[in-house]
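The chains referred to below are lettered A, B, ... by the order of the sequence lines, with proteins before strands, and numbering in each begins at 1.
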Amino acid sequence: MRAIANYEQPRKRIEELALADSACRAIFIEGGKDLGKTHLLDFVRETCGINFIVVSLGKQRATPSPKLVLDEIAQELGWARFPRLRGAMRGRSLRPIQASINDVTILGSHNSIEAIAQETEEDRLIEALELTEHLIEDLRVVTCEIRPLIIAFDHYDEATSLIDGWFSRSLVSSLCRLDHIRLIVCGRDVSRTSLKGKIPGARFLELGLEGVRNAEHWLPVVQYEGLTIPFTTYEEKIAFLTAVVEINEGVPGLIMSQLRWLCRRKGRHV
Amino acid sequence: MSEDKSIGKGENAHRAGLLSHLLEDTQDPTLEQKLEWLSVPHWIDGRISLSLADIPEAPSQQFIESLAADGLLECWNDGCLAVPSAVRHLVLSRMVKEKPNAYARLSKVYAELFASATSDSGDAFDYVEHIYHKLGANADACADLLLQAGVGLLSEPLYQFDAVERLTRYGRELGDLVLLPPEVADIFRFMGIYSRGVNGLLLSDLDVIEEILSREPKSQLFRAELFLTLGWINIQSASVERAGALFQRAREQFEALKVLRGEADSIRGLACAAISSGLLVVAEANARLASKIYHELGLHNSASHCIRLLAGVARGRGRLFEAETLFDQALEAFLTHSGHMSGARTRLTYSEVLASRGKFKVAHQHIDRASRAFEKVGDEAGVAECRKSRGVVLFEEGRYLEAREAFSDALQHLDASRSGATSAACQLWLAACEIRLDRSTVAVALLEDALTYFNRVGDRAGQASALRELGLAALRDGSTHTAIEKLEQSAAEFKAIGNEVEASVSSIALARAVITAQFPTPYTVPEITALANSTLLVFEREGLSGGIEEASELAKEVEQLSSSSGGTSGLRKAVESRSFQFRVGPQIPRIEVADYIELGRLVAQWTTEPATRPRDVGELKEQLDGIAVVPDRIKSVKFVESRIDHLVLRLPVKEMLEESLEEMTDPMGDGRYKLPQFYADHYRPGFGPAMTPLDTLLARIGDYTIGQCR
């Protein structure tokens, strides 16, 4: 089972969100770079036995578009649950688009990012809004075994302006209107977005991640990762971990980078 | 959004120590160099990793795999590997500072690798990464390349906004890492403006572009693009003359560079400027020329904008029948390419033309659909423009109180600094309502404001319209001589810009003023008779029933006047004869189809999914909302289905068939049979929208299922 250093409170809040009678509809998780947001989501998804899907809006070679995000949600839950969305997507068949720039041929439809290359971002937003209606209709009738369902969007700060417009104009409020759907939006500066105003009844929580400064909390992670701390006694190991945690101010991403580097076999990468 | 906060100055001090820790702790003397190889690109995928294997000093695949296995490289959802951004930033900062030549050399290698990847994949994101490395290798030499990449990705047919958003982010990243040449930095700024498109340009962009121009960019292509964009901003701020000059400069530069797309865009700009100045012949010639070039380049969407311009020209000339056809054609073209917003804007002007031809229901439906589109994307200015068009339709219906409300509402919501022309038009229309509601005093103040605007921007059609309303206001106030003077000016101005319909409307008003003033005026009875005759001809030609009615009434009045004075004008005979000959359209209302493709889609659905069929006329109208208008004469509906072994011959309504036969064989008819527009698009695909085989099939299904002896 995947390990995590502490973050007990955020984990609990997410698990509570998954309760059928939860009054809360959404959680906004904010934390600076390397504070372990993605790891937290992955950990809860893998270990808590709740219906939970995570869609990344960043960290991909091709920027995710609304169509790609919808596609990912449907794929995660199984396309059979999304007959309306599938029909609507099928109706927006790709047209071959290509153009030569500086003698290089670029294919507009290569990434299947948008159904069709529209001339303005607003046109794409309208397409996204229309597809969202179909998604919501399908989600409205999803079967009991996946209720309640948490849909988490990670790396929100890396999303394009189109995704931002789509979330604030439609997706967030539409999802939160469904009793059995819960939403998590995760990113570096989520608190500054206007999304929260879109949650009906302001039924949302804000969680801030601040790192893990207790060295002992890192022991399960070291064990899970199979890292060998170059000391023998427990006290020495804790002192070592304390130093690493202190140097990196409790920031999980940095701590892990350094631990992986320091605790592996010397000279391995040649 | 999308700003990578990790890449920037002012990182926390503790992060800076991380790289030193990592490097000091290793026994591998080449580790730093290997890390540099992996940190220069934002990501590597399998293809790039394989290419690196051919470069001796590059890290081996085994090394890359072991780093990934140890979690020292991020593995993204799509399988790409990346050095964690904190580490990457530290490596690059150090490299640029201490080994700038090595950074440039690796950037050059990756530029080639990603160029080759783009050639294989055609992928815009590979291409953006290629441009990023070209800039890293030698930004001084890449101004034109960057500009062509940005404009090429943002323009038709690619419209890769997300890729350019990333390229712009890379620009910020490079700007933090290395000192970008001012011209390259300016190109990145320009791309931010350009990516918003013509309708998204702001007045504040004007300062930015002028500031860039003041630095006299070396790249002629950049100067041309700047002139072009500046031209569009000037059109929006109603500095039409300046806009025209800028478009002309842009055109000359693009022409010299043999950049056809830019040349066509500039010519299209010239057409817009000419329309705003009332130079309709110039506008038409330019719109046709731009369309021809777009067509040669295969840029159908841009060509559709030219069709819309031509529709505007036709409208400006009062050729409403032609305008209607062209607007219809432009709308269909935009919708074919999911150009919802251009479609919405087209619907608004189209609705006004339809209203002036008495097609109020369809006009309202177009406004409803446009309004929904603007509301969906939160375009408040667009919603306000919908209110203005709604007002125009209501006005044409004679619902002046409601129209007044719509125009007032529009004025409140319009941003006058961005929508000066629409605001002035609203003032004009609002004044027209006030005059018809006997509130001429209020109207005059509004008209004077509007006229000031029209005079400032040189909008001759606006000036002529405002003069007409001022004349009508004077007439209401009993100042008949002022009224005659204004109305004469109005009619003359409309004639000068070639709009015979509007000139006729002003002439009718002039005739009324003359009659009210009682003869003798500068006009004699025969002159007014001739005037009524000529206006009648114009209204007939354009099928304007309201105008025909007005001209006929005027003729009757003049005839009475001449009878009482003992003269005979022969006017009655002429009017009666023409009224008999002229047909506004079929007497039995037909189903008006706005979107044949959608109609066909619906018919296909009714066929394959019987449960979706409407159960009564109410449901039918509901389903056809925005697609077609079902006339009130239809009280019930029945679905009949052919079978493989049973042919159903659905015969037309006898009365309608007879009416259509009579109309088509009438020797006094207009000699035209109007096929739905999509047939023209199918047979002449160059000029209109590109109809896919499916579009054509659906449109035909829609047409033959619902067609009723048209």
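The number of heavy atoms from other shown groups lying within 6.0 Å of CD (E380(B)) does not exceed 12. No more than 12 heavy atoms of other residues, nucleotides or ligands lie within 6.0 Å of CD in Q223(A), so this atom counts as exposed by the packing criterion.
Interatomic distance, OG of S121(B) versus CD1 of I106(A), reported as 7.5 Å (0.5 Å rounding). Atom NE2 in H340(B) sits 11.0 Å away from atom CZ in R124(A) (nearest 0.5 Å). Annotation: the span from R260(A) atom CZ to L67(B) atom CG amounts to 11.5 Å, rounded to 0.5 Å.
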Tell me which donor-acceptor pairs under 3.5 Å the side chains of residues 147-157 of chain B have, and how far apart each pair is, sequence neighbours excluded?
| residue | atom | partner | partner atom | Å |
| --- | --- | --- | --- | --- |
| S155(B) | OG | V151(B) | O | 2.5 |
| S155(B) | OG | Y194(B) | OH | 3.3 |
| E156(B) | OE1 | N301(B) | N | 3.4 |
| E156(B) | OE1 | S302(B) | N | 2.8 |
| E156(B) | OE1 | S302(B) | OG | 2.7 |
| E156(B) | OE2 | H300(B) | N | 3.0 |
| E156(B) | OE2 | N301(B) | N | 2.7 |

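The shortest non-hydrogen separation linking R166(B) to T63(A) is NH2-OG1, 3.3 Å. Across all their heavy atoms, A62(A) and D78(B) have their closest contact at N-OD2, 4.1 Å. Taking both residues in full, the closest heavy atoms of V377(B) and L125(A) are given as CG1-CD2, 3.9 Å, listed atom of the first, atom of the second, then distance.
Heavy-atom distances place both the backbone and the side chain of T120(A) under 4.5 Å from chain B. Using a 4.5 Å cut-off between heavy atoms, D379(B) does not touch chain A at all. Heavy atoms of A344(B) lying under 4.5 Å from chain A are absent altogether. Interface residue E375(B): only backbone heavy atoms are found under 4.5 Å from chain A.
Per-residue counts of heavy-atom pairs under 4.5 Å with chain A were compared for P84(B), S342(B), A82(B), G343(B); the largest is that of S342(B). For chain B, the option among E225(A), E122(A), M256(A) with the highest count of heavy-atom pairs below 4.5 Å is E122(A). In terms of heavy-atom pairs under 4.5 angstrom with chain A, the leader among W43(B), Y127(B), W76(B) is W76(B).
Side-chain N/O atoms of E165(B) and S161(A) include a donor and acceptor closer than 3.5 Å. Side-chain atoms of H305(B) and E119(A) form a donor-acceptor pair, as typed in the model, at a separation below 3.5 Å.
Inter-residue side-chain proximity for I126(A) and M341(B) is flagged as met; some heavy-atom pair is nearer than 4.5 Å. Residues L162(A) and F161(B) form no side-chain contact, since every pair of their non-hydrogen atoms from C-beta on lies 4.5 Å or further apart. Contact of the D123(A) side chain with the F334(B) side chain is not registered, since no non-hydrogen atoms from C-beta on lie closer than 4.5 Å.
When the salt bridge (Lys or Arg N to Asp or Glu O under 4.0 Å) test is applied to E137(A), the partners found at least two apart in sequence or on another chain are R140(A).
Under a 4.0 Å N-O distance rule, the pair R61(A)/E129(B) does not qualify as a salt bridge.
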